[in-house]
Amino acid sequence: LIGGGSLELGRIASGEKKKTRNDSERDTQLEQEFAEFAQKKLTSGGNCHRSEVVGAFRRYFAKYRVENDEYPLTDLEIERLLRGWNRMQGNEDMSSAGFFTGIQINKQADLTKL
């Protein structure tokens, strides 16, 4: 049973198994949510670590703050969204230490809500 599960995960990761409609819709929703987050919470200049962005994303969307079955989302999925968004901005890819250059968390965004 475990071997079969590993085989299926490998097929999905390698692209041998096509995404389902639900997977595609979920990916679209996550991309839209990350774009909203990035518009409000990320700004150009400086640098930040991937863990800072993952934490800020989880704080921004309360449904992702804790692991749950209703809204499952791993840190690696958030990192994938960040990498894709960052490439679209024309910035360099993440460093081997996990830092992104050219973007930073907009800490002033929280202050303007007060």
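Every value quoted in this text rests on a predicted model; they were computed, and no experiment measured them.
Looking at residues two or more places apart in sequence or on another chain, you find a salt bridge (Lys or Arg N to Asp or Glu O under 4.0 Å) between E25 and R21.
For the residue pair Q32 and E36, no side-chain donor N or O sits within less than 3.5 Å of a side-chain acceptor on the partner. Using a 3.5 Å distance cut-off with no hydrogens or angles, the side chains of D27 and S24 do not pair a donor with an acceptor.
Here the side chains of N91 and T101 are not in contact, with every heavy-atom distance at 4.5 Å or above. No side-chain heavy atom of Q104 sits less than 4.5 Å from a side-chain heavy atom of L42. Proximity of E70 to K63: side-chain heavy atoms (C-beta onward) are nowhere separated by under 4.5 Å. Between I103 and C48, some side-chain heavy-atom pair lies under the 4.5 Å cut-off. Residues F100 and R50 are in side-chain contact: their nearest non-hydrogen atoms beyond the backbone lie under 4.5 Å apart. Within the 4.5 Å cutoff, the side chain of L82 has heavy atoms near those of the F34 side chain. Inter-residue side-chain proximity for L73 and R26 is flagged as met; some heavy-atom pair is nearer than 4.5 Å.
Note: the hydrophobic cluster containing I78 also contains Y71 (ILVMFWY, side chain heavy atoms under 4.5 Å, direct or indirect links).
With hydrogens and angles disregarded, a donor-acceptor distance shorter than 3.5 Å links the side chain of R58 to the backbone of Y64. Judged by distance alone, with hydrogens and angles left aside, the side-chain atoms of R65 form a donor-acceptor pair with the main-chain N or O of R59 at under 3.5 Å. Not one N or O on the side chain of E31 forms a donor-acceptor pair closer than 3.5 Å with the backbone of T28.
You'll find the ring centres of F61 and F37 outside the 6.0 Å limit.
With rounding to the nearest 0.5 Å, the separation of CZ in F57 from CD1 in I105 is 11.5 Å.
A salt bridge between R87 and E92 is absent, with no side-chain N of the basic residue lying under 4.0 Å from a carboxylate O of the acidic one.
A cation-pi arrangement is absent between K41 and Y60, since the terminal nitrogen or guanidinium carbon is not both under 6.0 Å from the aromatic centre and inside a 45° cone about the axis.
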